[in-house]
Amino acid sequence: MKQEQFASASPSILIMTSVAAEKEAIERGLNGSKQFQVALTGVGPTKAAARTATELATHSYTFVINAGVAGGFKGKADIASTVVASSIVAADLGSESEEGFLPVDQLGLGSPEVLPDLNKAQKLTKKLEGLGASVTLAPILTLATVTGTNETTTQLMNRFPTAAAEAMEGHGVAVAAELANVPVLEVRTISNQVGPRDRDAWRIKDALQELERVGSALTEVWS
Ligand SMILES: O=C(O)c1cccc(C(=O)CC[C@H]2O[C@@H](n3cnc4c(=O)[nH]cnc43)[C@H](O)[C@@H]2O)c1
């Protein structure tokens, strides 16, 4: 096959972001790389799952990445740092009880987590460090509701002591990828601390700047 045919091939890696500002930041970092296609999920795990499944049903991809901004847990991920998922966890999938939250696996109803491609997660972590980012490889929680109280923050930190971040789409994207037998990664840059709701304290601009660096690092991981 001629070199030009490789150059004009379709993108093989799908990056799902929730909103346009995240998509644009990643695309700036990708700097025109033809290997990647960036698409929107909308906000939340259900839209994320449905839109990722639609993309995977209508195009052929070899890898799926969920990228965006996130809340960081205190002492685990500072604002403007980056978290690469070592596990993608549906933190609110289960049942409440008088004795506390019962995750779906304790109910005999399947697993609340999807494992990402750990080899690629480690490579991405190293590339980001090489580009000067502050990076943590740790579980990322997915919740349909942004945590906004000390009480919920404490409950989550007790249930998931190694988790570094929470966001709203990762598990949806990951389940769609898993059902399509395509490996997945989740990578998030931290816009705010998980805790009592204080929207004015969110540093979206800084997190988007870091997301641009994630785009650059991804081109190096797949170079
Ligand atoms: O201002 C609000 O009340 C509000 C309510 C729901 C969602 C939002 C967003 O702006 C979410 C956008 C996007 O960002 C991710 N994200 C960022 N920080 C967090 C967090 O602390 N907890 C969960 N998700 C977070 C999320 O993945 C959304 O897609 C605003």
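Just so you know, these numbers use all the heavy atoms, side chains as well, and skip hydrogens, waters and symmetry mates. Counting starts at 1 for both ligands and their atoms, following the listed order.
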Inset, instruction - For atom 13 (C) of ligand 1, find the nearest protein heavy atom and state the residue, atom name and distance (0.1 Å precision). - result: S18 OG, 4.0 Å
Legend entry - Distance (rounded to the nearest 0.5 Å) between S87 OG and E186 CD: 9.5 Å
Inset, instruction - For A70 and ligand 1, answer yes if some heavy atom of the residue is under 4.0 Å from a ligand atom, otherwise no. - result: yes
Inset, instruction - State whether W222 and K123 meet the cation-pi test: NZ (Lys) or CZ (Arg) under 6.0 Å from the six-membered ring centroid, and within 45° of the perpendicular axis. - result: no
Inset, instruction - Inspect the contact between K120 and D117 and indicate whether a charged nitrogen and a carboxylate oxygen are less than 4.0 angstrom apart. - result: no
Inset, instruction - For R188, counting its heavy atoms only, list the atoms of ligand 1 lying under 4.0 Å from any of them. - result: 27 (O)
Inset, instruction - Give the contacting part of R199 toward ligand 1: side chain, backbone, both or neither, where contact means a heavy-atom distance below 4.0 Å. - result: side chain
Inset, instruction - Quick one: pull up OG1 in T41 and CG in N66 and give me the separation to the nearest 0.5 Å. - result: 6.5 Å
Inset, instruction - Would you check the N or O atoms of M168, main chain and side chain alike, for any that come under 3.5 Å of an N or O of ligand 1? - result: yes
Legend entry - Distance from atom 6 (C) of ligand 1 to nearest protein heavy atom, with residue and atom: V146 CG2, 3.8 Å
Inset, instruction - Please say whether more than 12 non-hydrogen atoms of neighbouring residues, nucleotides or ligands are located less than 6.0 Å from CD in Q155. - result: yes
Legend entry - Taking atom 28 (C) of ligand 1 as the reference point, the nearest protein heavy atom with its distance: E169 OE2, 3.5 Å
Inset, instruction - Measure the distance from atom 12 (C) of ligand 1 to every protein heavy atom, then report the residue, atom name and distance (to 0.1 Å) of the closest one. - result: V43 CG2, 4.5 Å
Inset, instruction - State the atoms of ligand 1, each with its element, that fall below the 4.0 Å cut-off from a heavy-atom position in N192. - result: 17 (C), 18 (N), 19 (C), 20 (C), 21 (O)
Legend entry - Distance from atom 22 (N) of ligand 1 to nearest protein heavy atom, with residue and atom: E166 OE2, 2.6 Å
Inset, instruction - Decide whether E22 and S18 meet the rule of one side-chain donor and one side-chain acceptor closer than 3.5 Å. - result: yes
Inset, instruction - Among all protein heavy atoms, pick out the one at the shortest distance from atom 14 (O) of ligand 1; state its residue, atom name and that distance to 0.1 Å. - result: V69 CG2, 3.5 Å
Inset, instruction - Begin with the C-alpha distance, continue with both residues' side-chain angles, and end with the deciding distance and a verdict on salt bridge (charged side-chain N to carboxylate O under 4.0 Å, His left out) for R51 and E55. - result: CA-CA 6 Å; R51 295 213 165 121; E55 286 293 329; over 6 Å; no
Legend entry - Separation of L141 CG from M157 CE (nearest 0.5 Å): 10.5 Å
Legend entry - Contact atoms of ligand 1, heavy-atom distance to S191 under 4.0 Å: 17 (C), 18 (N)
Legend entry - Within-cut-off N or O pair, G71 and ligand 1, under 3.5 Å: yes
Legend entry - Candidates M16, K47, R188 - the one meeting side chain to side chain contact (heavy atoms under 4.5 Å, CB included) with E169: R188
Inset, instruction - Could you tell me whether K127 and E129 make a salt bridge, using a distance below 4.0 angstrom between a side-chain N and a carboxylate O? - result: no
Legend entry - Sub-4.0 Å heavy-atom approach of R197 to ligand 1: yes
Legend entry - ligand 1 N/O within reach of E22 N/O, cut-off under 3.5 Å: no
